[in-house]
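Notes follow the structure.
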Amino acid sequence: MKPSIPQGTRDFSPAEVRRRQYIFNTLRIIFELYGFQPLETPSMENLTTLTGKYGEEGDRLIFKILNNGLHEKKDADKDKLNSEWNNILSKPYSTPVVTERALRYDLTIPFARYVVMHQNELAFPFRRYQMQPVWRADRPQKGRYREFWQCDVDMVGSTSLINEAELLCIYQSAFQKLKVPVTIKVNSRKLLAALAELCGMPEKMVDITIAMDKLDKIGWVGVANELKERGISDDGIWQIERVINVKGTNQEKLVAYSDIMQHSAVGMEGINELSKTLAYFGNLEPGIGNLDGKSNIVVDISLARGLNYYTGVIVEVVCSSEAVKMGSIGGGGRYDDLTGLFGLKGLSGVGVSFGIDRIYDVMEELNVFPEQLVEGTKAIILNFGGDNETYALQILQQLRAANIAAEIYPDAAKFDKQMKYANKRGIAYVLLPGDEEREKNMVSVKNFVTGEQKMVPVEEAITLLRV
RNA sequence: GAGAUUGUAGCUCAGUUGGUUAGAGCAUCAGAUUGUGGUUCUGAGGGUCGCGGGUUCGACCCCCGUCAGUCUCCCCA
C-alpha cells in the first residue's frame, strides 16, 4: 500500500519542528512576561459544546467523530439511528445519536467551556494562553490546512480596555521579535452595527461586514456590487462609501466617524472604546513598533472578523511586506458574553490568536528564521568494533555526563560509511577511538567543519567540546 | 458546495501526430578506497505510466468515468 496522510495535514521534519518551536518559544516567553498562564484542553469536545458558536459556515466545518459501537445498539435505538441517518443524508445536520464528539475548531470556545466548568477555582480576571492544534474540514489551499495550530491569549472577567491595549502590545512585540513586519488593524463591532443602523438595515450587519471585509481584495466597486447583491439599498451603499472614504491618522478617522455617527449611541460607544484603547496602548507600547515613525496599529472600519461572538473591539494582523501574499496571520477581539452560552452570565472576555502555520509560511518566505536554531548532536563517536566499541561507549558516557549531546554509530560499519553519515547529519565533531587511541587512553577529535584533527586525552576532548 | 489544473522510479521531472524493450538528475546499494567525509569515476537495483473502462492492428499519449494532490471562489488562521 502506498503511504499517505489525510488531506490538509502535514508531517514536520526535524528542521521544521525546530523552526516551529522557535515560534512557540518566542510567543511563550512574551505571554509569560505579560502574566498569562498556560492551559491545555482536550483535542475533542462534546459536539454540542461547539455547534452554533461559529455561525452556519463554521458548523459545517467542524470535524465530527463517529460514535463507536453503533452495531451494538438495541433495536429501538437502531430505529432512531436509521431515521437520524436519513436526516444526515438530506441536510446539514448533526445529532449526538451518531456523532457525540468533535475535534476542536478553535481554542476560544473550549476556553469558555473551561472557565464555566472551573469558575469556582479561578481568580478573575483570569489570564491564560493556549497553544494547541485545531481542526477544520475546509478545502485546503495555500495557507489553509485542515490541521493547524493556534496560539491564543485571552482574559476573562474584566471589561477594562487596558486588556485590549495589552493584547495589542503582545501582538506588536511578538511580531517585532519574530522579525515579521505587520499591520495591526483594529475596528469595533459597534462601529459596524452603527453602520448598519446608518444604512437603515441593522439586521444586515453581517452581510455588510462580510462584503466590506473584501475591500482590500476586490476594491470598492466589487464591494458595492456585493452589497447590492446582499440587498443593501443604494442609500445604504452611499453611507458605507462615505465611511470607507475617510482617510488620515487613527485620530482623524475617529473624529470623522464620530461626526458621521453622532446620532448612533452604539457607534459613539465604539468610537470611544477605540480611542481609549489606543490611549492605553500609547502608555504601554513596548518600543519602536514602527518603521517610519508611524504606528503599525491602523484603525480600519472595513475589518470584519468572521466569528459572530465578537461584540466590541476587533483586531486582525496581516503581514505588511509587499513580497508576501497571505491572509490574516492573527486576529481576535472582545466578546461580552461568551461564557453566557454555557450558563455563566456577565463575564466579559477579550483575546487574540496567532495563526502559527501561516506565520511560519510568512517567515519562511521572508527568510527571517535565525540561522543556528538549536544544535542537535554535537559529536558522534565512530565505532571500530570489539574492544574499541567498549572503549567508545565509555567515552560516550563521559561526554553525556559532561552535558555534551553525543551519539555513537551503533554498528561497526565501514569507515567511510560512518564518515558519510556524520557528514550528512551535519554533526560538528567526529571522535575516533581506534586501537592506538585506546592503548594510549586518548581519542582523536576531528573538527568536521575545518577538517582539522588531533589526538588528545579524553578529558581534553571533553573540554574541547564543551566550548 | 462551484471551478481550474496536475498525476510517469523513493524524490524532482523529460517522454516526438499514437509505433519495438518508457528515460534523465538526485537519492539508495556495490566497487575504485578494510583509519578519513564533503568533490570525482564505474556499475547495479528500482516503474501495473493513479485506478477502471473505451477507441485502435497498436495507448504514457486520444475519449469517458473514478480517485488523489495542488490552486481559485465561498469562507477563514
Side-chain angles (χ1 to χ4, degrees), chain A residues 1-10 13 23 54-62 91-92 104-108 131-152 206-207 209-211 213-214 217-218 222 226 229-230 303-308 315-319 325-332 352-362 380 382-385 388 409 412-438 443-455:
Chain A
M1 121 181 196
K2 203 172 181 178
S4 64
I5 54 175
Q7 186 185 37
T9 66
R10 295 148 301 155
S13 68
I23 300 175
Y54 308 110
E56 203 179 310
E57 182 73 9
D59 279 358
R60 242 171 25 90
L61 299 180
I62 294 171
K91 61 189 176 194
R104 85 163 89 74
Y105 179 89
D106 73 352
L107 301 179
T108 307
M131 309 197 286
Q132 289 189 282
V134 302
W135 294 269
R136 294 186 191 178
D138 221 348
R139 285 291 275 273
Q141 48 189 278
K142 186 177 164 65
R144 179 183 297 186
Y145 307 100
R146 285 185 151 178
E147 177 184 66
F148 61 98
W149 286 62
Q150 292 190 328
C151 294
D152 274 30
V206 172
D207 288 279
T209 55
I210 287 175
D213 198 37
K214 296 176 187 168
K217 219 170 182 176
I218 59 179
E226 178 147 351
E229 277 167 30
R230 287 175 182 267
L303 164 64
R305 300 274 309 150
L307 298 180
N308 57 10
V315 50
E316 182 167 272
V317 183
V318 294
C319 178
K325 290 188 80 175
M326 182 64 79
S328 85
I329 54 178
V352 296
S353 177
F354 290 78
I356 291 305
D357 303 83
R358 285 187 176 180
I359 292 171
Y360 180 98
D361 290 348
V362 167
I380 183 163
L382 297 202
N383 189 334
F384 293 93
N388 293 330
Y409 196 91
K414 277 175 57 177
F415 191 82
D416 93 302
K417 183 167 180 169
Q418 300 195 38
M419 290 294 271
K420 279 181 176 160
Y421 176 77
N423 185 59
K424 196 164 180 179
R425 286 278 308 276
I427 296 170
Y429 290 92
V430 174
L431 303 197
L432 303 99
D435 290 335
E436 191 189 346
E437 285 87 349
R438 175 171 48 84
V443 67
S444 289
V445 178
K446 184 181 176 85
N447 181 323
F448 233 44
V449 180
T450 63
E452 191 187 349
Q453 180 176 332
K454 58 183 170 185
M455 202 193 294

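In the text below, chain A, chain B and the rest are named by the order of the sequence lines, each starting its count at 1.
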### Task
Sequence neighbours left out, what passes ring pair (Phe, Tyr, Trp, His ring centres under 6.0 Å) with A:Phe415? Give chain and number order.
A:Phe384

### Task
For A:Ser328, check side chain to side chain donor-acceptor pair (under 3.5 Å) against everything at least two apart and list the hits.
none

## Note on the structure
For A:Glu147, the salt bridge (charged side-chain N to carboxylate O under 4.0 Å, His left out) test, sequence neighbours excluded, returns none

Where do N or O atoms of nucleotides 37-42 of chain B meet protein N or O atoms at under 3.5 Å, pair by pair?
unit_1	atom_1	unit_2	atom_2	d
B:G37	N1	A:Phe448	O	2.9
B:G37	N2	A:Asn423	OD1	3.0
B:G37	N2	A:Phe448	O	2.9
B:G37	N3	A:Asn423	OD1	3.3
B:G38	O4'	A:Asn423	ND2	3.2

### Query
Partners of A:Gln7 by side-chain contact (heavy atoms from CB on, under 4.5 Å), sequence neighbours excluded?
A:Pro140, A:Arg146

#### Entry: Residues that A:Phe448 engages under ring pair (Phe, Tyr, Trp, His ring centres under 6.0 Å), provided they are two or more places apart
none

## Note on the structure
Its dot-bracket string being built from Watson-Crick and G-U pairs below 3.5 Å, with | for another strand and [ ] for crossing, RNA chain B has the pattern (((((((..((((.....[...)))).(((((.......))))).....(((((..]....))))))))))))....

### Task
Could you pick out which residue, A:Gly8 or A:Gly143, lies toward the 5' side of RNA chain B when each is mapped onto its nearest nucleotide?
A:Gly8

### Message
Test of understanding: with side chain to side chain donor-acceptor pair (under 3.5 Å), list the residues that count as partners of A:Arg139, not counting sequence neighbours.
### Response
none

### Task
Return the set of residues passing side chain to side chain donor-acceptor pair (under 3.5 Å) with A:Glu436 (not counting sequence neighbours), or none when no residue passes.
A:Lys440

Pairs under 3.5 Å (N/O, protein and nucleotides 43-45 of chain B):
none

Give each protein N/O atom lying under 3.5 Å from an N/O atom of nucleotides 10-12 of chain B, with the pair distance.
none

### Query
Taking only residues two or more places apart in sequence or in another chain, which ones pass side-chain contact (heavy atoms from CB on, under 4.5 Å) with A:Asp357?
A:Arg10, A:Phe12, A:Arg20, A:Tyr145, A:Phe148, A:Trp149

